[in-house]
Amino acid sequence: MTAFLPFSRPTIDEATIASVADTLRSGWITSGPKVAEFEKQLSAYFGGRPVRTFNSGTCTMEIALRIAGIGAGDEVITTPISWVATANVILEVGATPVFADIDPVTRNIDLDKVEAAITSKTRAIIPVYLAGRPLDMDRLYAIAAKHGLRVIEDAAQAIGSTWQGKPIGSFGDFVSFSFQANKNITTSEGGCLVLNNMEEAALAEKYRLQGVTRCGWDGIDVDVLGGKYNMTDIAAAIGLGQFAQLEKITAHRRRLAQHYFKVLGSDFEAKTGAQLPPAEHESTNWHLFQIVLPDRITRPEFMERMKAYNIGVGFHYAPIHLFKLYRELGFHEGMFPISEQVGRQIVSLPMFYAMTTEDVERTCAAMREVLG
Ligand SMILES: *Cc1c(COP(=O)(O)O)cnc(C)c1O
């Protein structure tokens with residue numbers, strides 16, 4: 001029997017492991033020079049925009065909402081098909097989540113439905129780039145400008161993705177990334193926020209460490225309620241090693257995605273009733289390779305049968321509005337039919353840096369058996 005192929009697995013090279021060991025021996029293991037260096041390199045990649053790191057991708061979005069002054073009485077529009085963090089941060093700051101249904105092809109939020117959901121209370125949009133696939137960024141920012149809305153891009157999955165040749169994060173309003181273990185580059189846990197100016201960056205620093213501000217040469221004061229969200233130098237050492245490989249990682253994932261399309265063949269959808277992702281290879285970092293299953297097979301059955309071939313399949317995501325917490329806020333089945341259909345049948349096939357084209361072939365062969 002061939003070895004188990006997980007749907008995702010991080011690859012940490014020996015140089016990175018050595019750098020983590022150096023950090024551990026250095027006597028400085030919390031936020032310090034490695035964090036400063038990581039932020040500097042990220043900022044250069046994002047075209048010189050200010051960047052601050054955090055201990056998760058989730059808190060970066062919460063902090064962006066706080067910097068924007070969004071809270072009770074404000075509405076924030078987002079997608080039902082994301083990790084629950086995307087909507088939780090809206091509740092966390094006391095604002096009201098408003099969902100807009102997705103586009104069935106890209107599986108990202110549908111900008112027509114975003115426009116239809118805007119009210120006099122709308123203050124911001126949190127778009128999600130599912131699987132790393134950007135939206136029509138020109139249209140997104142045109143809508144935001146027209147209605148005076150802030151944008152907090154949940155680019156958790158989108159590092160390395162581009163829009164018209166520019167990296168996601170190098171333009172726009174707030175852009176949030178995650179370095180959680182399964183993301184294209186990782187710090188084990190962590191995240192970063194790209195900001196618009198140094199005033200916002202100073203506020204981000206306060207929110208990530210108890211609201212502390214320095215005054216005078218020996219004093220501190222606290223003038224906003226902050227939390228404890230700073231990244232450690234241990235995490236930043238992993239991040240620096242990973243970031244150095246970003247181009248290689250993205251290029252390999254694009255090769256794997258292309259191989260999936262090639263091996264599955266152009267008649268895969270017609271033969272099986274499954275839906276592939278859009279095939280473009282330039283703008284997407286292929287964080288995930290997701291297909292939507294035909295209705296004749298349930299997701300648990302598909303996952304079980306793939307497991308019999310020793311292949312791991314991921315599930316991203318269940319529609320957020322149908323979770324108990326959100327049902328209790330008044331959301332219910334039938335409100336976002338495309339999200340509900342996609343959320344029922346979507347699966348993530350194996351896709352990670354250490355994977356080979358043979359692994360893709362093995363997965364496709366198993367799928368052919370399972371989907372008939
Ligand atoms: C990973 C992820 C998050 C949360 O990031 P954490 O670092 O785990 O807090 C949020 N949104 C999306 C779309 C994600 O994929």
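Counting begins at 1 with the first residue of the sequence. Side chains included, hydrogens not; waters and symmetry mates left out as well; all remaining heavy atoms used. In each ligand, atom 1 is the first atom listed, and ligand 1 is the first ligand listed.
Taking a cutoff of 4.0 Å between a charged side-chain nitrogen and a carboxylate oxygen, Lys324 and Glu328 qualify as a salt bridge. In this structure, Glu280 pairs ionically with Arg133, as a charged nitrogen and a carboxylate oxygen lie closer than 4.0 Å. Between Arg139 and Glu115 there is a salt bridge, with a side-chain nitrogen of the basic residue lying less than 4.0 Å from a carboxylate oxygen of the acidic one.
Geometrically, ligand 1 and Lys183 share a nitrogen or oxygen pair separated by less than 3.5 Å. Polar contact check, Gly57 against ligand 1: a nitrogen or oxygen pair lies under 3.5 Å apart.
Only the side chain of Ala156 comes within contact range of ligand 1, with a heavy atom under 4.0 Å; no backbone atom does. Contacts with ligand 1 closer than 4.0 Å are made by side-chain heavy atoms of Tyr317 only, the backbone lying farther away. At a heavy-atom distance under 4.0 Å, only side-chain atoms of Val128, from C-beta outward, approach ligand 1.
By the 4.0 Å heavy-atom criterion, Gly191 is excluded from the residues contacting ligand 1. Every heavy atom of Tyr129 sits 4.0 Å or more from the atoms of ligand 1.
By heavy-atom distance, the residue among Gln180, His287, His316, Gln157 lying nearest atom 8 (O) of ligand 1 is Gln180.
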Show your working on ring pair (Phe, Tyr, Trp, His ring centres under 6.0 Å) between Phe289 and Phe261 and close with a plain yes or no.
-> CA-CA 10 Å; Phe289 192 94; Phe261 284 109; 5.3 Å; yes
